[in-house]
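Worksheet for the structure shown next.
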Amino acid sequence: MGLPMALNLARAGTPLVVWNRTAAKAGTLRAAGAAVAESPAEVFRRADVVFLMLADGAAIDSVLGRGTPAFAGNVAGSVVVHMGTTAPAYSLGLEADVRAAGGRYVEAPVSGSRGPAEAGRLVAMLAGEPSAVERVRALAGPMCGETFACGPVPGALLMKLSVNLFLITMVTGLTEAFHFAERQGLDGRRLLEVLDAGPMASTVSRAKAHKIVERDFGVQASIANVLDNNRLVAEAAREAGIASPLLDVCHALYGETLALGHGASDMVAVLHAIESRTGGGVHVNLTGKN
């Protein structure tokens with residue numbers, strides 16, 4: 001995600017200093033006009049606003065030097081922008097540490113996978129001090145088609161988890177619908193056409209339906225990543241005493257898909273878990289007759 005996002009900034013003429021834990025990945029950005037730093041500390045020395053697109057809290061803490069004397073030197077005077085998806089409680093703690101060290105902090109998780117990232121059509125949710133949020137919003141245009149202010153931290157991450165809850169349950173339901181149709185002897189492409197013509201069609205349904213019909217499990221959002229996002233939503237729900245019955249079913253299915261060896265495949269590979277359950281010979285008699 002980070003590479004196409006940074007590339008869109010560079011192509012838009014934004015003065016950019018970049019760093020990647022895998023140095024070779026920065027070559028494309030250098031060719032697009034970005035300066036390549038030798039370390040995260042150099043990025044903080046040269047940039048007032050620092051965007052972080054990292055996998056999890058451990059990666060963020062490592063890059064920032066959190067818990068070490070280097071942390072304050074990195075973040076003091078900077079706007080630290082957390083664009084990944086982590087637990088809301090983690091973000092609250094990070095905000096407190098950044099502010100205590102003399103920096104400012106903005107949550108800016110994004111909705112959208114690799115395709116929207118490449119096209120600059122991500123949807124960003126922003127939370128934090130209003131003046132810092134507006135500064136980040138002004139820079140985010142080349143990366144994001146839309147930006148939405150979501151109040152104080154962790155409002156943006158809670159909004160992202162709400163979006164992810166809908167995405168996970170929607171794609172799982174779509175996959176199950178195609179499995180049902182296929183096992184009933186129906187033409188999956190005709191189901192795709194029917195759905196595409198009706199009120200339930202969306203950018204996501206169109207893209208994922210094609211992948212299901214073609215059994216294309218090339219990754220856009222992986223099973224492992226979706227399972228991790230499912231866990232974050234479920235934990236936030238439990239902490240707040242909120243029921244999440246559909247999400248809990250999805251959690252089981254994605255866990256089964258991971259156990260079947262499809263963790264690196266796209267989320268529509270949840271089809272394997274659904275097929276496995278059908279193959280197990282479990283049938284429900286809806287008529288009540290023997």
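FYI, the numbering just counts along the sequence from 1.
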#### Entry: Ser244 side chain to Arg238 side chain, donor-acceptor N/O pair below 3.5 angstrom
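Per modelled atom types, Ser244 and Arg238 side chains form no pair under 3.5 Å.
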### Message
Quiz question: by atom type and distance under 3.5 Å, do the side chains of Lys208 and Gln220 form a donor-acceptor pair?
### Response
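The answer is yes; a qualifying pair exists.
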Which heavy-atom pair separates [X] from [Y] by the least distance, and what is that distance?
| X | Y | value |
| --- | --- | --- |
| Pro116 | Ser113 | CD-O, 3.2 Å |
| Ser111 | Met125 | N-CE, 3.7 Å |
| Ala59 | Asp56 | N-OD1, 2.9 Å |
| Leu195 | Ala201 | O-CB, 3.4 Å |
| Pro109 | Gly84 | CB-O, 3.6 Å |
| His262 | Ala269 | CB-CB, 4.3 Å |

#### Entry: Glu95/Arg66 ion pair, N-O < 4.0 Å
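The answer is no: the pair does not qualify as a salt bridge.
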Let me check something: do [X] and [Y] share a hydrophobic cluster, defined by ILVMFWY side-chain heavy atoms less than 4.5 Å apart, either directly or through other members?
| X | Y | result |
| --- | --- | --- |
| Leu271 | Val219 | no |
| Ile223 | Val249 | yes |
| Leu167 | Ile274 | yes |
| Met53 | Val226 | no |
| Met200 | Phe166 | yes |

### Derivation of the side-chain contact (heavy atoms from CB on, under 4.5 Å) call for Ser276 and Leu260
CA-CA 9 Å; Ser276 179; Leu260 289 168; 4.2 Å; yes
Pairwise side-chain contact, [X] with [Y], heavy-atom cut-off 4.5 Å (strictly under):
| X | Y | result |
| --- | --- | --- |
| Val81 | Val79 | yes |
| Arg104 | Ser78 | no |
| His82 | Phe51 | no |

### Query
To which residues is Val123 joined in a hydrophobic cluster, defined by side-chain heavy-atom contacts under 4.5 Å among Ile, Leu, Val, Met, Phe, Trp and Tyr, whether direct or through other members?
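Once heavy-atom contacts under 4.5 Å are chained together, Val123 belongs with Phe148.
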### Query
Rest of the hydrophobic cluster containing Val153 (Ile/Leu/Val/Met/Phe/Trp/Tyr, side-chain heavy atoms under 4.5 Å)?
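Its cluster partners, ordered by chain and number, are Val17, Trp19, Val43, Phe44, Val50, Leu52, Leu54, Ile60, Val63, Leu64, Phe71, Val75, Val80, Tyr90, Leu92, Leu94, Val98, Tyr105.
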Go through the structure and list residues passing side chain to side chain contact (heavy atoms under 4.5 Å, CB included) with [X], not counting sequence neighbours.
| X | result |
| --- | --- |
| Ala252 | Glu256, Arg277 |
| Glu193 | Arg190 |
| Arg30 | Val36 |

### Message
One pair to check against side-chain contact (heavy atoms from CB on, under 4.5 Å): His210 and Leu192. What are the steps and the verdict?
### Response
CA-CA 7 Å; His210 278 282; Leu192 190 157; 3.7 Å; yes
Once you round to the nearest 0.5 Å, how far does [atom1] of [X] lie from [atom2] of [Y]?
| X | Y | atom1 | atom2 | result |
| --- | --- | --- | --- | --- |
| Asn8 | Leu3 | CG | CG | 9.5 Å |
| Leu174 | Ile212 | CG | CD1 | 4.0 Å |
| Leu253 | Leu227 | CG | CG | 10.5 Å |
| Asn230 | Ile168 | CG | CD1 | 4.5 Å |
| Tyr254 | Met267 | OH | CE | 3.5 Å |

### Pair Asp48-Arg135, side-chain contact (heavy atoms from CB on, under 4.5 Å): steps then yes or no
CA-CA 11 Å; Asp48 295 328; Arg135 188 169 186 194; 3.5 Å; yes
Applying side chain to side chain donor-acceptor pair (under 3.5 Å), can you list everything that pairs with [X], at least two apart in sequence or on another chain?
| X | value |
| --- | --- |
| Asp228 | Arg231 |
| Glu146 | none |
| Arg206 | Asp196 |

Sub-3.5 Å donor-acceptor pair from the side chain of [X] to the main-chain atoms of [Y], do we have one?
| X | Y | answer |
| --- | --- | --- |
| Thr22 | Lys25 | no |
| Ser205 | Ser202 | yes |
| Thr14 | Leu16 | no |

Which donor-acceptor pairs under 3.5 Å do the side chains of residues 156-165 make with protein atoms, sequence neighbours left out?
{"residue": "Lys160", "atom": "NZ", "partner": "Thr85", "partner atom": "OG1", "Å": "2.8"}
{"residue": "Lys160", "atom": "NZ", "partner": "Val110", "partner atom": "O", "Å": "3.0"}
{"residue": "Ser162", "atom": "OG", "partner": "Leu158", "partner atom": "O", "Å": "2.9"}
{"residue": "Asn164", "atom": "ND2", "partner": "Asn229", "partner atom": "OD1", "Å": "2.7"}

#### Entry: Results of ring-ring contact (aromatic ring centres under 6.0 Å, His included) for Phe217 - residues two or more places apart only
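Testing Phe217 for ring-ring contact (aromatic ring centres under 6.0 Å, His included), a comparison that skips the adjacent residues, returns His272.
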### Message
Between Met5 and Met83, is the side-chain contact (heavy atoms from CB on, under 4.5 Å) condition met? List the steps.
### Response
CA-CA 11 Å; Met5 292 165 69; Met83 299 196 78; 3.5 Å; yes
#### Entry: Steps toward salt bridge (Lys or Arg N to Asp or Glu O under 4.0 Å) verdict (Arg215, Glu275)
CA-CA 13 Å; Arg215 296 188 74 88; Glu275 289 176 337; 2.9 Å; yes
### Query
Would you say Arg99 has more than 12 foreign heavy atoms packed within less than 6.0 Å of its CZ?
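Atom CZ in Arg99 is not crowded, with 12 or fewer foreign heavy atoms closer than 6.0 Å.
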### Task
With sequence neighbours left out, write down each residue that passes salt bridge (charged side-chain N to carboxylate O under 4.0 Å, His left out) with Glu118, or none if nothing qualifies.
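Salt bridge (charged side-chain N to carboxylate O under 4.0 Å, His left out) check on Glu118 returns nothing, list empty.
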Can you list, pair by pair, the side-chain donor-acceptor contacts under 3.5 Å of residues 175-187, counting residues two or more places apart and other chains?
{"residue": "Thr175", "atom": "OG1", "partner": "Val171", "partner atom": "O", "Å": "2.8"}
{"residue": "His179", "atom": "NE2", "partner": "Thr278", "partner atom": "OG1", "Å": "2.7"}
{"residue": "Asp187", "atom": "OD1", "partner": "Arg189", "partner atom": "N", "Å": "2.9"}

